[in-house]
2 protein chains.
Amino acid sequence: MRLSDEIAAYILRMMECADDGEAELRRNELAEELGCVPSQINYVLTSRFTPEQGYVIESRRGGGGYIRIRRVKLERGMSPLMHTVNAVGNSLNAATAQAIVQNLLYQQLISKSSARLMLAALSDQAYRDVPMEQRDLLRAALLKQMLTALIS
Amino acid sequence: MRLSDEIAAYILRMMECADDGEAELRRNELAEELGCVPSQINYVLTSRFTPEQGYVIESRRGGGGYIRIRRVKLERGMSPLMHTVNAVGNSLNAATAQAIVQNLLYQQLISKSSARLMLAALSDQAYRDVPMEQRDLLRAALLKQMLTALIS
DNA sequence: CCTCCGAAGGTAAATAATGGTCAAAGTCAG
DNA sequence: CTGACTTTGACCATTATTTACCTTCGGAGG
């Protein structure tokens with residue numbers, strides 16, 4: 001079995017055991033326990049615990065730091081929002097983003113103020129400092145991140 | 001639990017107990033009671049009781065010195081949000097952004113789901129495609145954009 | 001009054017404890 | 001053999017704690 005799969009399995013197990021379904025871990029500790037370099041933990045997190053797969057990750061550096069993984073995906077019958085998260089690729093232009101949000105609002109899947117917030121965050125207006133080539137990637141990531149946050 | 005968190009919790013408790021909602025303490029005394037060096041109290045104050053988080057601190061040195069921590073109350077209505085927009089510079093790190101949003105939520109100026117959305121949009125998680133040097137600029141722009149959207 | 005001393009609190013730098021990023025090198029299925 | 005996925009390691013960023021030294025205030029003595 002691949003190392004990454006073992007790490008993923010380990011984290012999944014941690015989440016099942018916790019009563020709140022969250023896994024909180026210390027990167028270096030876990031890396032040591034599983035015999036891998038610390039950065040491999042990051043690799044596993046970014047490749048297997050993405051918003052598309054229904055996970056939200058928070059972390060803190062520094063003394064007493066941690067990584068927390070939360071699952072928001074409902075096991076079956078994916079929520080409509082989750083469906084959108086999966087439908088969005090890794091790139092998204094402003095017009096499409098706007099259409100998606102407006103559609104979610106129309107379907108009453110999100111509130112009006114949520115829609116306003118999301119439109120503001122997805123419009124090119126705020127991306128002045130982001131290189132053009134990266135804007136659509138950022139937009140896609142932002143939309144997915146925000147929708148995932150709404151579900152949990 | 002981190003020492004700093006214990007200190008912060010202790011101070012929060014003091015504020016809750018006081019009828020005026022203020023906490024007044026003597027640095028050395030508190031340090032002794034919590035088993036830390038006095039300057040750690042300052043660290044906690046500057047890292048967790050900042051103006052962004054809605055606190056004001058006064059203190060006096062010398063005999064009979066003290067430290068007083070107060071929560072500032074923002075007026076209701078839209079103006080506090082506008083005030084926040086104006087107060088945010090053109091660069092904003094993740095920790096400060098989080099503190100600002102959490103404070104807005106605490107003061108009931110934004111809803112819980114708005115806070116969640118904003119936190120998701122302001123966390124570094126979604127910025128993987130944005131060069132490090134631009135992240136704080138983007139974050140500031142995003143926060144201002146989103147708050148402005150809430151106002152209008 | 002004025003000075004000086006002791007009792008506070010303040011600051012900054014060093015150190016420790018974590019997690020994050022990036023790119024080179026390796027692996028493996030097709 | 002090639003492209004996607006993995007694994008590693010060097011280097012970076014953030015947060016916490018400790019230590020040494022500095023500043024301010026009030027009052028006792030002169």
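These values consider heavy atoms only, across backbone and side chains, with no hydrogens, waters or symmetry-generated copies. All figures in this text were calculated on a predicted structure; none of them were measured in a lab. All chains are named by letter (A, B, ...) in the order of the sequence lines, taking the proteins before the strands, and each is independently numbered beginning at 1.
Here the P atom of nucleotide dG20(C) and the CD atom of Glu58(A) are 12 Å apart, to the nearest Å. Counting to the nearest Å, the P atom of dT8(D) and the CD atom of Glu32(A) are 14 Å from each other. dG10(C) atom C1' lies 16 Å from atom CZ of Arg26(B), rounded to whole Å. Note: CD1 (Ile69(A)) to C1' (dG19(C)) measures 13 Å, nearest angstrom. The nearest whole Å value for the distance from the CD atom in Glu29(B) to the C1' atom in dG9(C) is 13 Å. Rounding to whole angstrom units, OH of residue Tyr127(B) and C1' of dG20(C) are separated by 16 Å. Regarding Gln125(B), its CD atom lies at a distance of 14 Å from the P atom of dG19(C), rounded to whole Å. Atom OH of Tyr66(A) is separated from atom C1' of dG19(C) by 11 Å (rounded to the nearest Å).
Contact annotation: Arg68(B) side-chain N/O to dG9(C) OP1/OP2 distance is not under 4.0 Å. An OP1 or OP2 oxygen of dG20(C) is reached within less than 4.0 angstrom by a side-chain nitrogen or oxygen of Asn42(A).
Comparing Ile57(B) and Asn28(A) by the nucleotide of DNA chain C whose heavy atom lies nearest to each, the residue mapping closer to the 5' end is Ile57(B). Comparing Thr46(A) and Thr46(B) along DNA chain C, the residue whose closest nucleotide (by nearest heavy atom) sits nearer the 5' end is Thr46(B).
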Could you list the protein-to-nucleotides 14-18 of chain D atom pairs, N/O on both sides, closer than 3.5 Å?
from	atom 1	to	atom 2	distance (Å)
dT14(D)	O2	Gly62(A)	N	3.1
dT15(D)	O3'	Arg60(A)	NH2	2.7
dT15(D)	O2	Gly63(A)	N	3.1
dA16(D)	OP1	Arg60(A)	NH2	2.4
dA16(D)	OP1	Arg48(B)	NH1	3.4
dA16(D)	OP1	Arg48(B)	NH2	3.0
dA16(D)	OP2	Tyr43(B)	OH	2.5
dA16(D)	OP2	Arg48(B)	NH1	3.0
dA16(D)	O5'	Tyr43(B)	OH	3.3
dT17(D)	OP1	Leu3(B)	N	3.1
dT17(D)	OP2	Ser4(B)	N	3.0
dT17(D)	OP2	Ser4(B)	OG	2.4
dT17(D)	OP2	Gln40(B)	NE2	2.5
dT17(D)	O5'	Gln40(B)	NE2	3.3

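Within 6.0 Å of CD on Glu32(B) lie no more than 12 heavy atoms contributed by other residues, nucleotides or ligands.
At a threshold of 4.0 Å, the pair Arg71(A)-Glu22(A) does not count as salt-bridged, since none of the basic side-chain nitrogens sits closer than that to a carboxylate oxygen. Ion pairing between a basic and an acidic side chain is recognised when a charged N comes within 4.0 Å of a carboxylate O; Arg139(B) and Asp124(B) show such pairing.
In this model, no donor atom of one side chain and acceptor atom of the other lie less than 3.5 Å apart for Gln134(A) and Tyr127(A). In this structure, a donor-acceptor pair under 3.5 Å is present between the side chains of Gln53(A) and Thr50(A).
The two atoms that bring Leu3(A) and Cys36(A) nearest to each other are CD1-CB, 3.9 Å, heavy atoms only. Heavy-atom minimum distance, Tyr55(B) versus Phe49(B): CB-O, 3.5 Å.
In the interface, the side chain of Arg27(B) is paired with the base of dG10(C) through a donor and an acceptor atom under 3.5 Å apart.
Counting non-hydrogen atoms under 4.0 angstrom, Arg128(B) reaches nothing in the nucleic acid. No contact: Ile41(A) has no heavy atom under 4.0 Å from any strand.
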